[in-house]
Amino acid sequence: MKINQHYKTLETSYLFSQIRARREAYEAAHPCQKVLSLGIGDVTLPLAAPVAEAFAKAAAEMGQASSFRGYGPEQGYGFLQEKIQGYYKSLDVELPLEAIFVSDGAKSDLGNLLDLFDSDNTVLIPDPVYPVYRDTNQMAGRRILYAAATPENGFLPLPDPRQKADILYLCSPNNPTGAVYRREQLQQWVDYARAQGAVILFDAAYEAFIQDPALPHSIYQIPGARECAIEVCSLSKTAGFTGVRCGYTVVPSELIRDGLSLQAMWLRRQSTKFNGVSYPVQRAAEAVFTPEGMAACRQAVRQYQANALRMHQVLESLDIWHTGGINSPYLWMRCPGGQSSWEFFQFLLERAQVVGTPGSGFGQNGEGFFRLTAFGSPEDTAEAMERIRQALA
Ligand code: MLT
């Protein structure tokens, strides 16, 4: 038999699996030391009370013959689609329900969406960026071009008309750098994509962290985006759903390529390969969008933002160059003393028992940088930053 040879081009393991393995090896060798994580962007606050209540109520319904439900509608329950539609309306974006697909999270959809595109396409990926974009395309053997995100361009690369690509990835607020595109910058990407007939895969997983009211939360706030963009969003970071699993993807009907509707293709793909998100999870997600749920989720985001501010202050006091942490839960710092990203990872693990994420794991341009997440508890974050201060003093 022939297996997919493209897997040979990948790193042996996924970035966050490598980090976990290094942490576990260290913990096994030093069982008395408490390791603190500012590494993977995993939330630590529990689900908001209205969300947990809706989740439990729906689980109880499933235990009663009168309210039990089997397979749900293919694109998600109408009650949740309508809430997502209402959320977009609050951003001045009008979406028909048919464009909204409930999913089990952004990561799966970002990979699965590639089913819509031939492997003989060129992909343009910012560097550094969330490694899932690169890895999933490498698995299919697509040609990959990179758009360099550097301190000089504020980690916000803009289109270069000399680069010809069919599929473009944008992540704003950006993972890992925390940079956020302004409207006129996103407009340049939309214009470029339309001129090339390309499709933008827009990852909005961190939009809830935007504090500056002038910054766009959705690509559909940009004129012309419906003809060229698919948006993927997640409740993981907005509402603490990393373990619950729920997100949504918007595929507008205006998106036609090669005479085919991408919306119709995505429905065909999802109804064939995916059986939807469980009813209790969708009820929990619905509760996120109620006034009480939204207020509670915003409160949690504010706690993470307070962590980010504290982290910023410590890095500032150490005179370490860094960015992010304002409209994003990630701080992106230069490794002190000219260390490489993995050297600094090891240094922090051994000297401070703190885990972060090496910037080089997000791409070549991430070498020499390091990412810290603000998703810890206030106590652990304060302790981790104090340990970092002492290790670097
Ligand atoms: C990260 O740390 O980059 C994210 O938590 C990964 C993810 O959302 O899959």
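In listed order, ligands and their atoms are each counted from 1.
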Please check whether [X] reaches ligand 1 - meaning an N/O of the residue sits under 3.5 Å from an N/O of the ligand, judged on distance alone.
X	value
Phe16	no
Lys237	yes
Lys107	no
Asp42	no

Report, in ascending order of atom number, the atoms of ligand 1 lying under 4.0 Å from any heavy atom of [X].
X	answer
Tyr330	1 (C), 2 (O), 3 (O), 4 (C), 5 (O)
Asn175	1 (C), 3 (O)
Ile40	2 (O), 5 (O)
Gly41	1 (C), 2 (O), 5 (O)

Is the number of heavy atoms from other residues, nucleotides or ligands under 6.0 Å of [X] [atom1] greater than 12?
X	atom1	value
Leu215	CG	yes
Arg310	CZ	no
Asp258	CG	no

If you take the centroid of each ring, where Trp contributes its six-membered ring, are Tyr248 and Phe101 closer together than 6.0 Å?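 Centroid separation for Phe101 and Tyr248: 6.0 Å or greater.
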Would you please indicate if the ring centroids of Tyr330 and Tyr206 are separated by under 6.0 Å?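 Ring centroids of Tyr330 and Tyr206 are less than 6.0 Å from each other.
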With side-chain contact (heavy atoms from CB on, under 4.5 Å) as the criterion, how do Met311 and Leu309 come out once you've worked through the C-alpha distance, each side chain's angles and the decisive distance to 0.1 Å? CA-CA 5 Å; Met311 294 160 78; Leu309 180 62; over 6 Å; no
Would you say the side-chain atoms of Tyr133 and Asp203 include a donor-acceptor pair closer than 3.5 Å?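 Yes, because at least one side-chain N or O of Tyr133 sits under 3.5 Å from a partner of the opposite role on Asp203.
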Quick test: of every protein heavy atom, which one is nearest to atom 6 (C) of ligand 1, and how far off is it to 0.1 Å?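 Its nearest protein heavy-atom neighbour is Tyr130 CE1, 3.6 Å.
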